[in-house]
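See below for the structure under consideration.
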Number of protein chains: 2
Amino acid sequence: MAGPAPEAREQRRGGNGRSGRDPYDLSAVLDIAVAAFNDFGYEATSMGALAERLGTSKSAVYYHVSGKEDLLRLALDRALGHLEAVLTEPEATSGPADERLRFVLRGAVRVLVDDLPYVTLLLRLRGNTQVERDALERRREFDHSVATLVDEARTAGSLRSDVDARTTTRLLFGMINSIVEWYKPGGPLTSEQLADDVITVAFDGLGERSDR
Amino acid sequence: MAGPAPEAREQRRGGNGRSGRDPYDLSAVLDIAVAAFNDFGYEATSMGALAERLGTSKSAVYYHVSGKEDLLRLALDRALGHLEAVLTEPEATSGPADERLRFVLRGAVRVLVDDLPYVTLLLRLRGNTQVERDALERRREFDHSVATLVDEARTAGSLRSDVDARTTTRLLFGMINSIVEWYKPGGPLTSEQLADDVITVAFDGLGERSDR
DNA sequence: TTCAACTTACCGGGCGTTCAGTAACTCTAC
DNA sequence: GTAGAGTTACTGAACGCCCGGTAAGTTGAA
C-alpha cells in the first residue's frame, strides 16, 4: 500500500489559541470535501476516500462533522447564502429593471467564480435527500427572483419580447451556470472580464451587428 | 412487502417468432434505466431500485445486460451516436460557416430533445470509470468540431470578435445544454420553436434592437 | 491532570453480482 | 396429437465487498 497522501495538511490552522495538537479547521475540511464531491459526485465520494484526501482517518473526519450529509448541508448553505446576498444589495432593489438585471447577473457570475466549488456542488444536486431538496427549493426561489427581473425588463421594453419569458430566463441561467463546468480561476480570463462577456453575449448576441 | 409495480410490463414484446417466454425488450429496459439514472443519479441508482421500477428482480436485469456499467455504456453510445451524426450531414459540411453553425446548433437541439434522457445522462457524467471517460472524450471531440465552426464563422465576419472564441463556444454550449434541465416534451413549446428561440437568442441576444 | 484531537478496531447493512434451479414456451419426431 | 428435447426468461438465495458510522483507547500540549 502507498503511504498516506497528506495533501491538505498544509491547510491546517497554525496556532488556534486552543489546546491540543495542530488541528484541522472545519473550513479546510469543508473545502476538501466539496472538491472531492465535485470530482467524483456526492454519492460516489466515500467518507474513506475523503479522509484519504485529508490525510487522516474516517473517524477523524467524524470528530469535526456529524456526518456526510452535514458536510453537504454546510457547503450548500454557503453557496446559497452568497447568491441570495446579491439580491439584497441596493443596486438590485432600485433603479431601472434592466440595470438591476445586469447587476444581479454580474453578481451571480461573481459569486459563482468566488465560490466556484460550492456553487458547482449546488448546481449538480439531484434531490435525493431532504437536505438536497431544501437547497433546491432555495435555489428555485433565487431563480424566481431573477425571472421576475427579466419580466420587468421586458415590460419596460428593454428586452426583446418575441421569445417567451420563461425560455429567455432559462437560457440565460443555462449560459451563466455553465461557467462552473469550464472556468478555471487563475487563468487568462478574469472574473470581471468573464462577467463583461456574459452580459455582452446575453444582451447583444453572437452575431456581428451593423449598428454600434 | 408491497406487491410488484410492473410499470414496464406493458412494454414487453408481443410474439417474437422465437422460442421461450414473453420477454423484455432491451430498449425498454434501457429507457427505464436511463430515466432512473437521471432521477437519482447514476451512482445513487441501485440495481435493486432499478429492478423494482421494471417490476422484476435484480437478477432478471442481469439476464439482459452484463452489469450496471453496461447499461450506462449503451445509453451513452446512443446519445453520442446521434449527436455525431449531425456533423456528417451535408448541411453541416458545406456552405457558409455561419449557416453550417446554425444547422449544427439546430441539429444539437433536435437530438437533445428527441433523446432527452440519454443526452441528459451524457451531460451529467463525472468521469469516474473508463466508460464515462471514453464518453467524455467523444463529447469533447464533438464540442471541438463545433468550436471549429465558431472559429470559421468569426473569421468570415459572421460572428462578433470582441469576445474570446473559446468563451463564446462555451457560453453557447452552456445555453443549449441547459435545455435538458428544464425542457418538458409535450408542453406548449415544440422542439422546432425551441431551436428557433435558441438560434435567435444566441445570435441576436436578449436586448431590444433598433434595427430589424 | 485534563482535555482536544485524534487512532485502531469494528458493526450492521446495502451494494453489484453470481448461480443453480425452474417455469413457460416452441420445435421436431413419430 | 402429443412426448420430450431445447431455448428463453426468469426466481431466490446467497457472495464478498465496501459503505457510513461508532466505541473505546491513545497521544501530546497546556
Side-chain angles (χ1 to χ4, degrees), chain A residues 1 3-4 6 8-9 11-29 32-33 36-37 40-74 128-132, chain B residues 1 3-6 8-9 11-30 32-33 36-37 40-74 128-132:
Chain A
M1 197 178 289
R9 290 268 160 182
Q11 297 191 30
R12 282 156 173 256
R13 274 203 244 161
N16 57 347
R18 302 209 270 131
S19 62
R21 289 167 288 170
D22 186 24
Y24 267 109
D25 168 299
L26 174 61
S27 84
V29 173
I32 288 172
F37 291 163
F40 308 124
Y42 172 70
E43 309 272 355
T45 305
S46 72
M47 292 298 273
L50 181 54
E52 207 172 311
R53 277 208 179 191
L54 282 158
T56 14
S57 63
K58 260 197 313 179
S59 310
V61 176
Y62 278 94
Y63 180 79
H64 295 282
V65 293
S66 71
K68 193 182 177 182
E69 210 170 10
D70 191 42
L71 281 167
L72 184 64
R73 196 178 42 74
L74 289 167
N128 290 340
T129 65
Q130 196 57 49
V131 167
E132 296 182 47
Chain B
M1 197 178 287
R9 290 266 160 183
Q11 295 191 32
R12 282 156 171 256
R13 277 202 243 159
N16 57 346
R18 301 204 268 137
S19 63
R21 286 186 290 166
D22 188 25
Y24 266 109
D25 183 315
L26 174 61
S27 85
V29 173
L30 196 55
I32 289 173
F37 291 163
F40 308 124
Y42 172 70
E43 309 273 354
T45 305
S46 73
M47 291 299 272
L50 182 54
E52 208 172 310
R53 278 208 179 191
L54 282 158
T56 359
S57 63
K58 267 200 298 182
S59 36
V61 177
Y62 278 91
Y63 180 79
H64 296 282
V65 292
S66 71
K68 195 181 176 184
E69 210 170 10
D70 191 42
L71 280 167
L72 184 63
R73 196 176 43 73
L74 289 167
N128 290 340
T129 65
Q130 196 55 49
V131 167
E132 295 181 48

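None of the values given here were measured: they were computed from a predicted structure. Lettering of chains follows the sequences in order, A, B, ..., and the numbering in each one begins at 1.
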Tell me the interatomic distance from [X], atom [atom1], to [N], atom [atom2], rounded to whole angstroms.
{"X": "A:Leu26", "N": "C:dA5", "atom1": "CG", "atom2": "P", "result": "12 Å"}
{"X": "A:Phe37", "N": "D:dG20", "atom1": "CZ", "atom2": "C1'", "result": "12 Å"}
{"X": "B:Tyr63", "N": "C:dA23", "atom1": "OH", "atom2": "C1'", "result": "13 Å"}
{"X": "A:Leu50", "N": "D:dG21", "atom1": "CG", "atom2": "P", "result": "11 Å"}
{"X": "A:Glu52", "N": "D:dC19", "atom1": "CD", "atom2": "P", "result": "10 Å"}

Practice task
Please state whether the phosphate of C:dT7, meaning OP1 or OP2, lies under 4.0 angstrom from any side-chain nitrogen or oxygen of A:Ser57.
Solution key: yes
Exercise for the section: Taking only the side-chain nitrogens and oxygens of B:His64, find out if one of them lies under 4.0 Å from OP1 or OP2 of D:dC10. Expected result: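 True: B:His64 side-chain N/O within range (under 4.0 Å) of D:dC10 OP1/OP2.
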Exercise for the section: Please collect all salt bridge (Lys or Arg N to Asp or Glu O under 4.0 Å) contacts where either partner lies in residues 61-72 of chain B, sequence neighbours excluded, each pair once. Expected result: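 Only B:Asp70-B:Arg73 qualify under salt bridge (Lys or Arg N to Asp or Glu O under 4.0 Å).
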Practice task
Using a 4.0 Å heavy-atom cut-off, write out nucleotides 12-21 of chain C from 5' to 3' as B (base contacted by protein), S (sugar-phosphate only) or - (no contact).
Solution key: ---SBBBB--
Handout entry: Under the side chain to side chain contact (heavy atoms under 4.5 Å, CB included) test, residues paired with B:Ala60 that sit two or more places apart
Key =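 For B:Ala60, the residues satisfying side chain to side chain contact (heavy atoms under 4.5 Å, CB included) (neighbours in sequence not counted) are B:Thr56, B:Ser57.
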Measuring from [X]:[atom1] to [Y]:[atom2], what's the distance to the nearest 0.5 Å?
{"X": "B:Ile32", "Y": "B:Leu54", "atom1": "CD1", "atom2": "CG", "answer": "4.5 Å"}
{"X": "B:Leu71", "Y": "B:Phe37", "atom1": "CG", "atom2": "CZ", "answer": "5.0 Å"}
{"X": "A:Met47", "Y": "A:Tyr62", "atom1": "CE", "atom2": "OH", "answer": "3.5 Å"}

Problem - Side-chain touch B:Thr129/B:Glu132, heavy atoms, less than 4.5 angstrom - result: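 When only atoms from C-beta onward are counted, B:Glu132 and B:Thr129 do touch, with a gap below 4.5 Å.
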